Amino acid sequence: MPVAHSTIYWSTIEYNSWKIHIAKTEKGLCCVGSPGESLEEFTAYFKKRFPSAILERNDRKLADYSQELTVYLEGSQQEFSLPTDVQGTPFQQQTWQALKQIPYGQTLSYSEIAERIGRPSAVRAVATAIGANPLLIIVPCHRVIGKNGTMAGYRGGLAFKRLLLDLETQKLPAK
């Protein structure tokens with residue numbers, strides 16, 4: 001059962017033609033929404049998961065997160081350093097930790113993730129855990145593809161998944 005939070009702060013990042021809603025608790029970033037997701041869809045996630053939480057827009061409290069995500073989307077940053085507060089079952093947590101180990105610009109299949117967490121027969125459960133990832137981009141579920149190399153489902157949409165994968169396969173500018 002998720003931990004109750006008194007206030008969850010949210011903001012919106014605008015990048016290219018997309019609006020991406022983000023939210024944080026007092027501990028860190030807890031959700032990155034899908035591009036094009038309505039505010040109603042985004043807030044419904046919280047009402048279901050944190051029914052007693054108060055949602056409050058606060059661009060200032062999320063400014064560092066907005067900046068870090070924008071710099072990543074511009075192709076100038078490969079890793080995220082700010083704190084997160086991602087909650088899930090032990091199996092989900094284990095799966096999400098495995099996702100964070102996929103290097104920038106590389107991909108793995110669902111079955112490879114299942115093997116990495118020591119559950120090679122749990123490919124469907126791994127896919128379900130990946131689909132429940134509340135931190136798109138930060139926990140890089142976009143780096144997981146079908147075993148045959150095909151693009152598989154993505155909460156942010158396959159076009160956004162392709163954009164992220166293409167972004168990560170380009171060389172970063174020299175510092």
Side-chain angles (χ1 to χ4, degrees), residues 12-24 28-37 41-42 45 49 62 64-175:
T12 303
I13 298 169
E14 293 191 27
Y15 182 77
N16 285 339
S17 61
W18 291 306
K19 287 185 179 184
I20 302 170
H21 303 294
I22 60 174
K24 76 177 284 294
L29 195 68
C30 64
C31 187
V32 175
S34 301
E37 177 179 53
E41 292 169 311
F42 183 72
Y45 167 82
R49 227 172 126 98
L62 285 133
D64 290 342
Y65 293 97
S66 295
Q67 175 66 25
E68 199 167 65
L69 278 160
T70 300
V71 171
Y72 164 85
L73 291 168
E74 290 170 347
S76 302
Q77 179 175 319
Q78 294 183 3
E79 296 178 6
F80 298 96
S81 62
L82 295 168
T84 61
D85 183 12
V86 62
Q87 298 175 26
T89 67
F91 183 81
Q92 288 172 329
Q93 293 286 350
Q94 185 180 29
T95 301
W96 299 336
Q97 282 302 316
L99 297 180
K100 290 164 79 173
Q101 302 307 311
I102 304 171
Y104 184 92
Q106 295 182 26
T107 58
L108 291 177
S109 69
Y110 293 92
S111 57
E112 288 171 315
I113 296 294
E115 289 172 20
R116 285 188 174 203
I117 65 169
R119 305 277 301 271
S121 63
V123 176
R124 288 182 191 261
V126 162
T128 300
I130 291 170
N133 170 22
L135 290 178
L136 292 184
I137 305 168
I138 308 293
V139 175
C141 53
H142 61 276
R143 296 180 189 155
V144 181
I145 59 174
K147 192 173 189 173
N148 60 1
T150 59
M151 295 289 277
Y154 184 62
R155 181 169 56 95
L158 291 181
F160 192 61
K161 182 174 186 166
R162 172 54 53 207
L163 177 135
L164 295 174
L165 292 173
D166 288 349
L167 169 73
E168 291 187 3
T169 57
Q170 297 173 7
K171 290 228 179 240
L172 288 175
K175 291 185 178 182

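Count residues from 1 along the sequence. From a predicted model like this one, the values you see are computed outputs, not experimental measurements.
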Going by ring pair (Phe, Tyr, Trp, His ring centres under 6.0 Å), name the residues that satisfy it together with W96, two or more places apart in sequence or in a different chain. none

With sequence neighbours excluded, give me every side chain to side chain donor-acceptor pair (under 3.5 Å) pair touching residues 147-157. N148-T150

Any chance you could measure E14, atom CD, to S66, atom OG, to the nearest 0.5 Å? 10.5 Å

Is any side-chain heavy atom of L82 less than 4.5 Å from a side-chain heavy atom of L29? no

Measuring from atom CD of Q106 to atom CD of Q101, what distance do you get when rounded to the nearest 0.5 angstrom? 12.0 Å

What pairs of residues pass the ring-ring contact (aromatic ring centres under 6.0 Å, His included) test when at least one of them lies in residues 134-153, not counting sequence neighbours? none

Partner set under side-chain contact (heavy atoms from CB on, under 4.5 Å) for I117, not counting sequence neighbours: F91, Q94, T95, A98, R119, V126

With sequence neighbours left out, write down each residue that passes side-chain contact (heavy atoms from CB on, under 4.5 Å) with E41, or none if nothing qualifies. E37, S38

Taking atom SG of C141 and atom CG of L99, what is their separation to the nearest 0.5 Å? 6.5 Å

V144 and E112: side-chain contact (heavy atoms from CB on, under 4.5 Å), yes or no, with the steps? CA-CA 9 Å; V144 181; E112 288 171 315; over 6 Å; no

Could I get the full list of salt bridge (Lys or Arg N to Asp or Glu O under 4.0 Å) partners for R162, not counting sequence neighbours? D166

Please round to the nearest 0.5 Å and tell me the distance separating atom CD1 of I102 and atom CG of L108. 4.5 Å

Give the minimum heavy-atom separation between A122 and A114, together with the two atoms involved. C-CB, 4.3 Å

Minimum heavy-atom distance between G146 and A152, given as atom pair plus value: N-CB, 4.2 Å

Between C30 and Q87, is a side-chain contact (heavy atoms from CB on, under 4.5 Å) present by the stated rule, with each step listed? CA-CA 8 Å; C30 64; Q87 298 175 26; over 6 Å; no

Residues in side chain to side chain donor-acceptor pair (under 3.5 Å) with E115, at least two apart? none

May I ask you to test the W18-L163 pair for a side-chain heavy-atom distance under 4.5 Å? yes

Do you know the tightest heavy-atom contact between L165 and M151? CD1-SD, 3.8 Å

Would you compute the distance between atom CG of L73 and atom CD of E68 and round it to the nearest 0.5 angstrom? 11.0 Å

Let's go through F160 and S34 carefully: what are the C-alpha distance in whole Å and the side-chain angles of both, what is the deciding distance for side-chain contact (heavy atoms from CB on, under 4.5 Å) to 0.1 Å, and is it a yes or a no? CA-CA 9 Å; F160 192 61; S34 301; over 6 Å; no

Sequence neighbours left out, what passes ring pair (Phe, Tyr, Trp, His ring centres under 6.0 Å) with Y110? Give chain and number order. none

Please list all pairs passing the salt bridge (Lys or Arg N to Asp or Glu O under 4.0 Å) test where one or both residues lie in residues 120-144, with sequence neighbours left out. R143-E168

Non-hydrogen side-chain atoms of Y15 and L69 separated by less than 4.5 Å: no

Salt bridge (Lys or Arg N to Asp or Glu O under 4.0 Å) pairs touching residues 86-111, sequence neighbours excluded, are none

Can any side-chain N or O of Y65 pair as donor or acceptor with the backbone N or O of K24 at less than 3.5 Å? no

Checking the side chain of Q92 only, and the main-chain atoms of T89 only, is there a donor and an acceptor separated by less than 3.5 Å? yes

Checking F42 now: which residues fulfil ring pair (Phe, Tyr, Trp, His ring centres under 6.0 Å) with it, not counting sequence neighbours? H21, F46

What donor-acceptor contacts under 3.5 angstrom involve side-chain atoms of residues 129-140, with partners at least two apart or in another chain?
residue	atom	partner	partner atom	Å
N133	OD1	L135	N	2.9
N133	ND2	V139	O	2.8

Is there a donor-acceptor pair closer than 3.5 Å between any side-chain N or O of E74 and the backbone N or O of S76? no

Distance from I20 atom CD1 to I13 atom CD1, nearest 0.5 Å? 6.0 Å

